[in-house]
Amino acid sequence: MSQKGLSGFFEEYLKKDAIFKDKKALQANYTPETIPHREKQIKEMAQILAPVLKTEKPSNLFLYGKTGTGKTLSTKYVSSQIEEMASKNEIPLKIIYVNCKLKKVADTEYRLMAHLAREFGKEIPVTGLPTDEIYNLFFESLDISNKILILILDEIDELVKKTGDRLLYNLTRINSELKISQLSLVGISNNLTFSESLDPRVKSSLSEEELVFPPYNAIQLQDILNQRAKKAFKQGRVAEGVISKCAAYAAREHGDARRALDLLRVAGEITERNNLQKVELDHIDEAEKRIERDRVLEIALSQPKQFQATLYSIIEVSSQKKTLIFAGEVYDTYKKICIQAGLRPLTQRRLSDIISELDMLGVINAKIISKGRYGRTREIKLAIPQHTQKEVKKIIEGGLDLS
DNA sequence: CGAGATTCATGTGAAGTATACCTTTAGGCTTAA
DNA sequence: AAGCCTAAAGGTATACTTCACATGAATCTCGTA
């Protein structure tokens, strides 16, 4: 597009009457005033946490539910309300929300504690200090702050799976060491059987209270979508049946509301980009593809080099062999790729772990199988649609500087 | 023919190593009295 | 003598390697019917 044409394009863009009224209403971090079908959980959560308003320590709380069942949203809603009330009445309260899954932020014991201490304004180096020291720094500043702290740990199951439950044990115990301040834990887990794997002591003190978030059904999803769509779109810009189709798609995947909202938002964006007046049914299918594509590309792009090389090898091998592929083959190809890219190849042991992590990320499906006489291995299958594979490959080629 | 032993290719846990970063400490140099 | 800077020493977290052992069904072996 020429320079002149561009200014014309922008003018055109501004003149065009948008189909969105307030697109934020469909974004993941948006908190509506009311959260349909979670009234019960929200009320209970409020009851459990309310004692802070009398400067008493609330019970520790544990939330279960699959992704997109409103755990995070409800928690944020309740905590913002409490915060507001607390500041109005000058109650010394602090709420910290941490997502334990974020790489390089809170995915190890050290990093989580460092993150918390930083919340209290401490300068903590990335590495080098003993973890105990970080605990002390955190306790100290918490105690000095003279506040009740509600610590919300999202996706806590991921963290415990990786680093064990010592962290939780320490956190549940620190109240006895604090003189002035108090700490309540709110754990959020996607895994329903998570607490089974905990040390009994941790389990009993962490789950003083428990709340379960069941999946939404299609009708509830429709309610949610309708509520948000009314805010987000201008009148009459969504074709008949679009909402229910989004709901149906998401209900198919264990009632994931986030997914439903994403679908609707992306469908809207597609409509807008194509200069169309109405969001039609077809746009949802297109949106579904695009969401999946974006997710995969995002993951591929954000991984460390070794992970990229591994993923690349998997794509490479599986495009040559139409059948299922095995870890050994991937390793052989991976070694070649490394040489091409000027990377020092990692050991098979490490690659095995990397493959597991890629599995966790959902870009591949790996299953351990025994081929009897012919040994034992992982059977790997790509979870990326064909056309996206090529894009992923290209991205990695760029990043890895392969020819 | 079938039960049990064998086998293969790799999964997996534990312990060790390299690297990058941290604090503490001791020595050397500078400065000011 | 006091103060400041620097480098070495001693410590840690993390990512990775090394070593050794675990796995589990297809295949083999061998006793038995």
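Worth saying up front: this structure is predicted, and the values here are computed from it rather than measured. Each chain gets a letter, A, B and so on, in the order the sequences are listed, and its residues count up from 1.
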Q | N-O pairing of A/Lys231 and A/Glu33 below 4.0 Å | A | yes
Q. Reckon A/Arg111 has a side-chain N or O less than 4.0 Å from the OP1 or OP2 of C/dA15?
A. yes
Q) So which nucleotide from B/dT7, B/dG11, C/dA13 ends up closest to the side chain of A/Thr127? A) C/dA13
Q: Assess A/Lys66 against A/Phe213: is NZ or CZ under 6.0 Å from the centre of the six-membered ring, and within 45 degrees of the ring's axis?
A: no
**Q.** Spacing of A/Glu357 atom CD relative to C/dC16 atom C1', expressed in whole Å
**A.** 12 Å
Q: Grab the CZ-C1' distance between A/Arg376 and C/dT27 for me, whole Å please.
A: 18 Å
**Q.** Length of the line joining A/Asp107:CG and C/dA13:P, which is rounded to integer Å
**A.** 15 Å
(Q) Nearest whole Å is fine: how far is B/dT10 C1' from A/Asp332 CG? (A) 12 Å
Q) Would A/Glu391 and A/Lys394 pass as an ion pair if we require N to O under 4.0 Å? A) no
Q.
Looking at A/Glu210 and A/Phe62, would you say the former's side chain and the latter's main chain have a donor-acceptor pair under 3.5 Å?
A. no
Q: Indicate yes or no: does A/Glu177 engage A/Arg173 in a salt bridge with an N to O separation below 4.0 Å.
A: yes
Q.
Strictly below 4.0 Å, N to O, side chains only: are A/Glu83 and A/Lys76 in salt-bridge contact?
A. no
Q | Degree of bending in the helix from B/dC1-C/dG31 to B/dT31-C/dA1 once both end axes are built from five pairs, to 10° | A | 20°
Q. Salt-bridged, A/Asp157 to A/Lys161, with N to O below 4.0 Å?
A. no
Q.
Rounded to whole Å, how long is the line connecting atom CD of A/Glu109 with atom P of C/dA15?
A. 14 Å
Q. In whole angstrom, what separates A/Leu112's CG from C/dA13's P?
A. 14 Å
Q) If only atom types and distance count, is the side chain of A/Glu329 paired as donor or acceptor with the main-chain N or O of A/Phe326 below 3.5 Å? A) yes
Q. Under 3.5 Å, is there a donor-acceptor pair between the side chain of A/Asp199 and the main chain of A/Arg201?
A. yes
(Q) Using a strict heavy-atom distance below 4.0 Å, which residues from residues 129-139 of chain A are in contact with DNA chain C? (A) A/Leu129, A/Pro130, A/Thr131
Q) How long is the line joining NZ of A/Lys367 and P of C/dT23, in whole Å? A) 20 Å
Q: Measure the distance from CD on A/Glu379 to C1' on C/dA25 and round it to the nearest whole Å.
A: 14 Å
Q.
Is the phosphate of C/dT27 approached by A/Tyr374 (side-chain N or O, under 4.0 Å from OP1 or OP2)?
A. yes
Q) Taking the side chain of A/Thr377 as its heavy atoms from C-beta onward, which of B/dG11, B/dC22, C/dC28 lies nearest to it? A) B/dG11
Q | Between A/Phe233 and A/Phe20, ring centroids under 6.0 Å | A | yes
Q. So, are A/Arg265 and A/Glu269 salt-bridged, with charged N and O less than 4.0 Å apart?
A. yes
Enumerate the protein-to-nucleotides 17-19 of chain C contacts in which both atoms are nitrogen or oxygen and the separation is below 3.5 Å.
| residue | atom | partner | partner atom | Å |
| --- | --- | --- | --- | --- |
| C/dT17 | OP1 | A/Thr347 | N | 3.2 |
| C/dT17 | OP2 | A/Thr347 | N | 3.1 |
| C/dT17 | OP2 | A/Thr347 | OG1 | 2.8 |

Q. Between the main-chain N or O of A/Lys71 and the side-chain N or O of A/Arg38, is there a donor-acceptor pair closer than 3.5 Å?
A. no
